[in-house]
S.K.: 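One structure coming up, written as structure tokens, with questions to follow.
Along the sequence shown, the residues carry numbers beginning at 1. Computed from heavy atoms alone, side chains included, the values below leave out hydrogens, waters and symmetry copies.
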Amino acid sequence: MRQHLLNGWLVAALIALVCLLGITAYMEVRKDLPRVACVRDRAVAGKRAAQSESCSTACCGSTNPNA
């Protein structure tokens with residue numbers, strides 16, 4: 001009986017760990033999306049004739065040490 005209870009707690013801990021890792025990965029990707037969009041816009045900016053100032057292009061002027 002004790003082994004069955006411990007196995008249940010182990011499964012619960014593994015599920016919690018997977019959920020926490022998934023949430024962490026989601027938050028990191030969500031935080032990094034503006035930088036990726038900015039890099040993509042910078043590569044395309046030379047091909048555009050006129051480009052309006054927007055939030056995604058304004059970030060290209062700043063330097064990101066994580067890039």
S.K.: Using 0.5 Å steps for rounding, measure from the CD1 atom of Ile15 to the CG atom of Leu20.
M.R.: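 It is 12.0 Å, given to the nearest 0.5 Å.
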S.K.: For residues 6-23, pull every pair meeting side-chain hydrogen bond (donor to acceptor under 3.5 Å, both in side chains), keeping only residues two or more places apart or in separate chains.
M.R.: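 For residues 6-23: Gln3-Asn7.
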S.K.: Sequence neighbours excluded, which residues qualify as side chain to side chain contact (heavy atoms under 4.5 Å, CB included) partners of Arg2?
M.R.: Leu6
S.K.: Does Leu14 share a hydrophobic cluster with Val11, counting links as ILVMFWY side-chain heavy atoms below 4.5 Å and allowing steps through other members?
M.R.: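 Shared cluster, no.
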